[in-house]
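Read the structure below first, then the notes.
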Protein chains: 2
Amino acid sequence: MSKKTTIYDIAKALDITAATVSRALNNNPKISDTTRELVLQKAAEMNYEQNKLAQALKSGKSYNVGVIVPRVDSNFFGSVIRGIEEELNPQGYHVIICQSYEDPKTEGKKIDTLLNAQVDGVLVSTTSNSKKEPLKRILAKNIPLIFFDRRKDMQGVSSVVINDFEGAYKATKHLIDEGCTKIAHLSGNFSLEIFRERFSGYKQAIIDAGLPFNEDWVIKTKSNRTDGIEATKTLLQLNPRPDAIFSASDFAALGAIQEIRAQKLNIPQDISVVGFSNEPFTKFMELPISTIDQSPFEMGKMAAKVFLEQSNNESHVKMEKKVVLDPQLIIRNSSLKTQVLTP
Amino acid sequence: MSKKTTIYDIAKALDITAATVSRALNNNPKISDTTRELVLQKAAEMNYEQNKLAQALKSGKSYNVGVIVPRVDSNFFGSVIRGIEEELNPQGYHVIICQSYEDPKTEGKKIDTLLNAQVDGVLVSTTSNSKKEPLKRILAKNIPLIFFDRRKDMQGVSSVVINDFEGAYKATKHLIDEGCTKIAHLSGNFSLEIFRERFSGYKQAIIDAGLPFNEDWVIKTKSNRTDGIEATKTLLQLNPRPDAIFSASDFAALGAIQEIRAQKLNIPQDISVVGFSNEPFTKFMELPISTIDQSPFEMGKMAAKVFLEQSNNESHVKMEKKVVLDPQLIIRNSSLKTQVLTP
DNA sequence: CTGTTAGCGCATTCAC
DNA sequence: GTGAATGCGCTAACAG
């Protein structure tokens, strides 16, 4: 392996100084076209490649941003990350991925190692009970911190989320429009704002429609199939029995559907179901599931854009920007009584 | 914001020299326990945090590894990345994610920027026609290069893949065991080794069973639903009609199933279907799809382990390690004629 | 326009 | 054991 060539090597070869080489390479105006050409040519010839590390140390800018998500192997976060990467890479930034595994302690650790690594920004989707201290350490260093999807109430931190209230409202309203009057709700962990909001949207839609709100019809579940099944078992024993289920998660909705069918009830005739997240499988089912799309890809791009803005903002005034994306209701056969969709 | 504290700051505070501080912080044996304690305490007190960038520049080790995948928003690659991250993070490495979008040119660019960023290793799942030059540039720098899932034939490069031949063979054999004799194959892009291997495995299983191999029953498709539908339309017009379809992709298998049902044929009675990849949706379908699991998580962990080995290998002997994971056949109702599975 | 000097923060010689 | 000096590779300030 040939040792890597530095600007000194090419300076020596051209009998000029390293500073000049640097200038040529960085399109510094204070340099003659001829020497610039010379340097560029020689650089190419010698297979010169800039050591970003040295540049980073010197400039204090690493061109790395850290992204912390609970997990990367989920459709939602995968898509968000794709959006982030797609937006940041053309700007010369690299994306460092970290997983918190929903654990606040791990999250804190990852934040610290990212900080050590001198990242230029941190984008995070928080865990259900993130500690603020590590997050504050980011701010203390004047490094842009952006929340996406799951935020925490912190001054000076921008966030990109969807309007979970609105999404839930739309879903519930849709069920009401389809003639449902006894709408149950599979809710999530209330320590996460997103689930509180979805619950509120659900409740508000019911109240706005003049329907009675029934505590018994709200069941907390984890976002998985088995919890959806269990909760639905409970719901189906109720009297009167709900005629619709709005689930705050697609996976729980899937469980609901399976349980409903196991009990030989018809969807959507007997019970309509709407999920949340637009997981890929909801579209592929034989009975496609109505759901709320969170546009994760756009969320990622938007989070990246907000970071870039913040990053380029020279002034030391902390700006706090809240971007709220509009969720989209996707109506499929699991909730469509009034007409049949053509696939 | 207080300026970040360096080893000089803490040296000054203790009236010793930076070198000593560095030694204390790095558990260098040549230092007295007392001063070490003193330094550690002061460091904590002053909120000292090591600047990995400076360390990286000095040591030549960035503790960053680059991972290049066609896309990050797929279950398979998401899981692989999770495995990689899970294995590498405890060792102090950060994972930088790049997407090639299946484009060899983009792939080359990402490789170069990763190289500039001084990554300590590159793990890549190649595109269908990756150029070797950028990949060689990695090797030329003596940086470990590991292929996973999609490899390229290159000397001195380790790889972690599954045995695609075996997977396809198992799937086809299973269909034969179930009594199918006219087995069609939805194949993928032959410029990717994985699809060539799957085809070979399919063909071999048929030959080994003494069944006739029929060219017409092999159709090239992209890994998506619509291509699966189109190909299946063609297959169903054939005479004799195939009684099974082994698809090299779950998405194409899904399309096949939808088309078969659209034509009022029964699965698996009339036609059995087996996919490939164990995408999450295959399990959730009302008619769960038999498929081949590629254990992406293990693949990621293994790729990371191979990197670590290679990285710690002091000798300049290039080692080439090939890890081949065993694919697992997952039998579900789309191909199970002989008995009914309890879910 | 170009050369000189200095420093980003750290770890590693070499002395003592 | 500890201090002094040096360099990783690059860029910026200041001269000229």
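Within every chain, numbering begins at 1; the chains are lettered A, B, ... in the order of the sequence lines, protein sequences first and strands thereafter.
- Here the CD1-CD1 distance, from A/I96 to B/I97, works out to 10.5 Å after rounding to the nearest 0.5 Å.
- When each of B/E85, B/K61, B/E87 is paired with B/Y93, the side chain to side chain donor-acceptor pair (under 3.5 Å) condition holds for B/K61 and for no other.
- Between A/Y8 and A/D33, the residue whose closest nucleotide on DNA chain C is further toward the 5' end is A/D33.
- B/S32 comes within contact range of the sugar-phosphate backbone alone, with a heavy-atom separation under 4.0 Å but no base atom that close.
- Residues B/V21 and B/Y8 have side chains not in contact (no heavy-atom distance under 4.5 Å, counting atoms from C-beta outward).
- Counting any heavy atom pair closer than 4.0 Å across all strands shown, A/N26 reaches sugar-phosphate atoms only and no base atom.
- Using a 4.0 Å cut-off, some side-chain N or O of A/T20 falls inside it from OP1 or OP2 of C/dG3.
- Atom CG in A/D9 sits about 9 Å away from atom P in D/dC10, given to the nearest Å.
- Considering only side-chain N and O atoms, A/T35 lies under 4.0 angstrom from the phosphate OP1 or OP2 of C/dT2.
- Scanning all heavy atoms of the two residues, the minimum distance from A/S125 to A/D149 falls at OG-CB, 3.8 Å.
- A donor atom on one side chain and an acceptor atom on the other are not found under 3.5 Å apart for B/T17 and B/T20.
- Regarding contacts with the backbone of C/dA11, a side-chain N or O of B/Q55 is found under 4.0 angstrom from either OP1 or OP2.
- Closest non-hydrogen pair, B/K131 versus B/E107, comes out as N-OE1, 4.4 Å.
- Residue contacts shown for B/T6 are limited to sugar-phosphate atoms, with no base heavy atom under 4.0 Å away.
- Nucleotide D/dG9 holds its C1' atom 13 Å from the CG atom of B/N116, rounded to whole Å.
- Residue A/I16 contributes atom CD1, which lies 14 Å from atom P of C/dC1 at whole-angstrom precision.
- Taking the nucleotide of DNA chain D with the nearest heavy atom to each of A/A54 and B/T17, the more 5' of the two is matched to B/T17.
- Of the candidate nucleotides D/dC10, D/dA4, C/dG9, C/dG9 has the atom lying nearest to any side-chain atom of B/L57.
- Rounded to a whole Å, the OH atom of A/Y48 is 7 Å from the C1' atom of D/dC10.
- The distance from atom CG of A/N51 to atom P of D/dG9 is 7 Å, rounded to the nearest whole Å.
- At the heavy-atom level, A/L53 lies nowhere under 4.0 Å from the strands shown.
- If you check every strand for non-hydrogen atoms under 4.0 Å, A/S59 touches nothing.
- Counting non-hydrogen atoms under 4.0 angstrom, B/L25 reaches nothing in the nucleic acid.
- At a cut-off of 3.5 angstrom, counting only N and O atoms as typed in the model, there is a donor on one side and an acceptor on the other between the side-chain of B/R23 and the base of D/dG3.
- Separating the CD atom of A/Q118 from the P atom of C/dC8 is a distance of 14 Å, rounded to the nearest angstrom.
- For A/P29 and A/A19, each mapped to the nucleotide of DNA chain C holding its nearest heavy atom, the one lying further toward the 5' end belongs to A/P29.
- Protein atom CD of A/Q50 is 13 Å distant from nucleotide atom P of D/dG9, rounded to whole Å.
- Residue B/I31 is in sugar-phosphate contact alone, with no base atom involved, counting any heavy-atom pair closer than 4.0 Å across all strands shown.
- For the pair A/K30 NZ and C/dT4 C1', the computed distance is 14 Å after rounding to whole Å.
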